[in-house]
Number of protein chains: 2
Amino acid sequence: MSSEHGGKSVDVVVVGSVGLDTIETPFERRERLLGGSVSYACVAASFFSHVGMVGIVGEDFPETYLDLYRGFGIDVTGLQRAAGRTFAWSGVYEQDMINRRTLSTELNVFADFEPVLPGTYRDAPYVLLGNIAPELQLHVLDQVRRPRFVVADTMDLWIDTAADPLRELIGRVDMLMLNDGEARQLTGLHNLRRCGARLLEWGPRYVVIKKGEHGSMMVSGDGLFLLPAFPIEDLHDPTGAGDTFAGAFVGRLASKKTLDDAAVRESLLCGSVLASFGVEAFSLDRLTDLSAQHIDERLIHFRAMLAAGN
Amino acid sequence: MSSEHGGKSVDVVVVGSVGLDTIETPFERRERLLGGSVSYACVAASFFSHVGMVGIVGEDFPETYLDLYRGFGIDVTGLQRAAGRTFAWSGVYEQDMINRRTLSTELNVFADFEPVLPGTYRDAPYVLLGNIAPELQLHVLDQVRRPRFVVADTMDLWIDTAADPLRELIGRVDMLMLNDGEARQLTGLHNLRRCGARLLEWGPRYVVIKKGEHGSMMVSGDGLFLLPAFPIEDLHDPTGAGDTFAGAFVGRLASKKTLDDAAVRESLLCGSVLASFGVEAFSLDRLTDLSAQHIDERLIHFRAMLAAGN
């Protein structure tokens with residue numbers, strides 16, 4: 001697939017799903033929105049770094065959505081277009097806007113997805129393995145030459161259905177991101193500090209346990225990092241918040257000169273800020289009208305909320 | 001009631017319940033433990049300030065528990081002893097160690113409690129109105145001459161049964177502490193930022209919304225302060241965590257030279273640290289063997305967990 005960045009090597013490779021989402025909240029219903037983990041993650045990362053997308057869409061994928069990716073400067077050389085229909089998901093959020101029910105999942109072209117990295121992606125120093133089957137995440141990892149930092153996101157489905165490849169994957173990444181329920185399911189432990197400590201033993205340098213509206217906790221050899229979520233007043237669609245968080249994190253980290261604990265922490269802060277914008281509107285709508293100044297202002301605002309006094 | 005501090009004015013006055021608690025967790029059952037909001041709050045505050053207790057006990061109240069208060073240097077002149085039995089509560093914690101069921105509540109001497117402040121308490125600059133009926137909290141407030149800072153804690157029971165006096169109380173305090181469910185119940189709003197903003201309109205300068213294991217959020221004219229909970233690995237008994245948090249907060253604040261946003265924030269940090277120690281054992285057991293050095297070490301440790309990177 002053509003791209004204005006086709007010839008330039010990327011800083012961050014992101015793999016994941018591209019989906020057409022139909023979402024219902026207690027307040028509104030929207031159809032065939034641009035969604036999927038790689039859409040949210042790439043757009044969020046693109047605010048800070050040059051990003052290459054790896055994914056698959058069908059013949060029904062709207063050209064306007066491709067234009068949206070390109071408008072963010074995302075390299076879509078690694079986005080395959082296959083015969084058939086694009087992955088489609090529909091779900092309903094409950095009154096609390098947190099719990100949701102899946103109404104339908106149509107894998108469509110995603111069922112036969114075999115991610116292939118274009119040459120310009122293979123030397124990417126930063127890699128985000130978005131939430132897809134661990135086998136596919138490993139397959140992408142095999143195609144990157146010497147990545148500096150690899151992040152993997154996962155979900156409960158793979159803990160149930162692909163435990164062995166997931167365990168192999170965890171042993172090969174620098175950072176594992178997962179939510180609190182998944183951390184408990186994966187380790188069989190309840191206390192999240194203990195979950196994090198156990199997961200560190202499996203290989204990663206960093207484990208980030210996400211707790212939705214309650215923020216996240218990072219466990220590493222340097223200790224814990226406790227990060228509240230940026231508190232928003234207008235929640236419209238929580239879909240993709242975790243992917244936005246992960247994408248902005250990796251994009252921000254890739255833009256820094258140093259790769260140490262302080263850089264990782266600041267990048268997580270930035271991930272939380274981008275996620276807080278993302279959920280203020282459906283799909284990528286809020287990120288589409290976001291400026292660097294909006295981000296900087298909210299980052300300053302967020303830091304003031306976290307200052308621990310004296 | 002006699003006290004080694006009977007003649008010296010106190011820095012902090014704390015009113016609340018004294019109870020004999022019978023507590024069952026999935027792991028252990030303990031009977032007639034020292035409990036009640038004023039026990040936890042006074043002991044926690046006593047690490048930082050000279051504290052005067054206001055409460056009531058019955059003839060069955062063990063002398064060893066009085067000795068425990070005195071061992072912390074707490075002035076118990078304001079602790080009444082009445083004919084009859086001490087307030088008694090029993091409850092069972094569920095497997096998650098968060099949700100609990102009350103098995104029995106015997107008000108006993110607490111039913112006719114009329115708090116009276118000894119003369120040495122009336123010029124106290126700091127006042128913590130622990131969780132009792134708002135009428136009693138107001139009655140205590142009426143007896144303090146010119147307090148510098150008044151904190152009130154409340155609970156869902158009073159929102160249902162004493163809405164008017166509670167509203168009057170909220171209009172007369174500097175800080176209101178309550179948990180997330182109570183903030184929603186009291187304001188009829190769901191979003192916690194909006195709850196906090198609404199409650200500020202009722203009078204207090206600060207509203208602290210407690211979220212248990214997820215920490216707390218302070219709303220004030222200076223903006224928001226987001227404070228995660230110190231993550232503990234060994235939770236044995238969550239009873240009294242909120243009272244310990246409030247008590248340590250007020251005690252710490254009273255020990256400072258300045259009373260500003262930074263001082264308030266650091267004191268909340270300290271409240272979270274004391275609460276994290278408190279729940280590591282039943283009743284006041286963990287606080288009883290705690291040193292200033294333990295507290296300082298955990299405060300340093302906690303700050304490192306909150307540092308937001310660069």
**Asked** What are the two closest heavy atoms between Leu226(A) and Ala229(B), and how far apart are they?
**Response**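 For Leu226(A) versus Ala229(B), the nearest heavy atoms are CD1-O, 3.8 Å.
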
**Prompt:** Are the side chain of Arg193(A) and the backbone of Ile232(B) linked by a donor-acceptor contact shorter than 3.5 Å?
**Reply:**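 Checking the backbone N and O of Ile232(B) against the side chain of Arg193(A), no donor-acceptor pair under 3.5 Å is found.
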
**Asked** Considering heavy atoms only, which positions within residues 244-271 of chain B lie below 4.5 Å of chain A?
**Response**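 Those residues of residues 244-271 of chain B which have a heavy atom under 4.5 Å from chain A are Lys256(B), Ala262(B), Ala263(B), Arg265(B), Glu266(B), Leu269(B).
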
**Request:** Report, by ascending residue number, the residues of residues 295-302 of chain B in heavy-atom contact with chain A at a distance under 4.5 Å; give 'none' if the set is empty.
**Result:**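 When heavy atoms of chain A are the reference, residues 295-302 of chain B contributes His301(B), Phe302(B) within the under-4.5 Å range.
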
**Prompt:** Are there more than 12 heavy atoms of other residues, nucleotides or ligands under 6.0 Å from atom CD of Glu201(B)?
**Reply:**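 Enclosed: over 12 neighbouring heavy atoms sit under 6.0 Å from CD of Glu201(B).
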
Gap between atom [atom2] of [Y] and atom [atom1] of [X] - 0.5 Å precision:
X         : Y         : atom1 : atom2 : value
Asn191(B) : Glu233(A) : CG    : CD    : 5.5 Å
His190(B) : Leu235(A) : NE2   : CG    : 8.5 Å
Met217(B) : Met305(A) : CE    : CE    : 9.0 Å

**Request:** Among the options Asp234(B), Leu306(B), Asp96(B), Leu224(B), pick out the one with the most heavy-atom pairs lying under 4.5 Å from chain A.
**Result:**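 It is Leu224(B).
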
**Asked** Does any heavy atom of chain B fall under 4.5 Å from the side chain of Ala304(A), the backbone, both, or neither of them?
**Response**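 The backbone, not the side chain.
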
**Request:** Tell me, out of Pro228(A), Ala197(A), Gly215(A), Ala308(A), who's got the most heavy-atom pairs with chain B below 4.5 Å.
**Result:**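 Among the listed options, the one with the most contacts to chain B is Ala308(A).
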
